[in-house]
Amino acid sequence: MFAAFMLFQYQSYLQQQLDSLKENGQYRYFLNVNKSARHFPVFYYEKNGEAKRAVNFCSNDYLGMSVEEEVINKLSFVLHQSGTGSGGTRNISGTTQYHQWLEHTIAQWHQQEAALIFGGAYLANLTALQTLGRKIPDLVFVSDERNHASIIEGIRSAGNEKKIFQHNDTKHLEQILSSLPLQQPKLVVFESVYSMNGSVAPVKQIIRLAKRYNALTYVDEVHAVGLYGARGAGICEQDNLLKQIDIINGTLAKAVGVIGGYIAASQTIIDFIRSFGSGFIFTTSLPPAVCAGAEKSIRMIQRDASLRTSVFGLVDSLRRMLDEASISYTKNNSHITPVLLKDAVKCKQIADELLEKYGVYVQPVNYPTVPVGEECLRLIVTAKHTREQITHLVNSLKNVLIEERTHYMQAEQAEFITG
Ligand SMILES: Cc1ncc(COP(=O)(O)O)c(C=O)c1O
């Protein structure tokens, strides 16, 4: 029993948690990145009443599709035709031809029988995994340790048994799969391109193992769609595995440049999630114009490889310039270039300096997005960056890192002298 004088102090309890985030350098400050359709990746922000201009090096709009004229035109045309919101859940007046066309296009893109769209890929992961887990009670989730928060939440909320394999470690995955009875239902869940360290999963080996032990496979291709494969359908397309993977999750918000997420799979799996998935059934559907814009963007991505080719050319240039400047970064086979700083406070200080002194915007990536000790600056170049902008990024980063090192050495020296 709590006495009256011990009443729970809601506000101060929550404030304490926020204060400790601030002390650890993990508190999140949002910058108003006032995006420009004409000048992307340049944007505008305000500091102390003064208008400032900077270049964005952390956007997931990898191909710059959000500013493509054809996508904007399609979206605004349908916006005027159909209005803003859909006004209903998919079941209660919220399905239009644009929803169906988009699902059809996504299914074809991934060479699957069907697809289902959601408000975002987070919701798609959460709903698909939760629904499969709840409806197949003996299902064991076998999940990569670096999986995204939406996958972790989906698995957790299903409440099934789960086994975690070490990141991209197929030996460990096989140990786990072989320890489970062959007849036990299992779902191997992983990402193709990991968003923060940029590592690429050994998708072929994972699928081979899953088949050997009679497990279903679920891949999150959120950071791969638009960029990999002949028609930009992701790593499964690039590695010729589209016919072998069971469920693909993707987003319409990153390389596709609009908003929304999806899963693509067999007709039965899609019908199952459509029929039982709470996060699909009980929420208003995407606006028709958004579906039309996203579909237009996918069709452009499919037919024209030039944007993704230029991203990889620019990533190569960035890495060559970083090497020349002796700035180390995590090596990987993807388009994501993390500069590891291993310290949340240092990460934020460097990012602040880059923005204020050089007009370079790189968001520091801290816990819980990455584990403590893996804080980094995640450098992203899009199809719309110029080589001059990338040169400016590398020169600025070099200067800030030198200043930071000098400052650190001076502080150490002062400490040594005084004490
Ligand atoms: C790996 C991964 N999966 C899923 C998501 C969620 O995607 P969305 O922004 O479409 O909800 C993200 C998001 O940022 C992600 O990095």
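As the structure lists them, so they are numbered: ligands from 1, and atoms in each ligand from 1. The structure presented is a predicted model; accordingly, all values stated were derived computationally and were not measured.
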Problem set entry | Plane angle bin for H110 and Y262 - parallel if under 30°, tilted between 30 and 60°, otherwise perpendicular | tilted

For this session: Under the side-chain contact (heavy atoms from CB on, under 4.5 Å) rule, collect the residues that match up with T369, sequence neighbours excluded.
Result: R28, M196, V365

Exercise. Under 3.5 Å, side chain of S76 to main-chain N/O of N73, donor-acceptor pair present?
Worked result: yes

Problem set entry | Proximal atoms of ligand 1 relative to S150 (non-hydrogen, under 4.0 Å) | 4 (C)

Exercise. S334 side chain to V193 main-chain N or O, any donor-acceptor pair under 3.5 Å?
Worked result: no

Problem set entry | Nearest-contact summary for atom 16 (O) of ligand 1 - protein heavy atom, Å | H223 NE2, 2.7 Å

For this session: Looking only at protein heavy atoms, identify the closest one to atom 10 (O) of ligand 1 and say how far it is in Å.
Result: T251 OG1, 2.7 Å

For this session: Below 4.0 angstrom from a heavy atom of E191, which ligand 1 atoms are there? Numbered from 1 as shown, please.
Result: 1 (C)

For this session: Kindly write out the residues that satisfy side-chain contact (heavy atoms from CB on, under 4.5 Å) with T251, not counting sequence neighbours, or none if the list is empty.
Result: A121, V222, A253, K254

Seminar exercise, completed: atom 6 (C) of ligand 1: closest protein heavy atom, distance to 0.1 Å, is Y122 N, 3.4 Å

Seminar exercise, completed: Smallest heavy-atom separation, C58 atom then I380 atom, equals CA-CB, 4.1 Å

Exercise. Considering only protein heavy atoms, which is closest to atom 8 (P) of ligand 1, and at what distance to one decimal place?
Worked result: A121 N, 3.5 Å

For this session: Would you please classify the geometry between the F8 ring and the Y13 ring as parallel, tilted or perpendicular, with 30° and 60° separating the classes?
Result: tilted

Exercise. Taking both backbone and side-chain atoms of D220, is any N or O found less than 3.5 Å from an N or O belonging to ligand 1?
Worked result: yes

Seminar exercise, completed: Per-atom filter on ligand 1: closer than 4.0 angstrom to a heavy atom of G120 are 10 (O), 11 (O)

Exercise. When you measure from atom 5 (C) of ligand 1 to every protein heavy atom, which one gives the shortest distance, and what is it?
Worked result: H148 CE1, 3.5 Å

Problem set entry | Non-hydrogen atoms of L132 and I273 that approach each other most closely | CG-CD1, 4.0 Å

Exercise. Under a heavy-atom criterion of less than 4.0 Å, does G261 contact ligand 1?
Worked result: no

Exercise. Going by distance only, is there an N or O of K254 that falls short of 3.5 Å from an N or O of ligand 1?
Worked result: yes

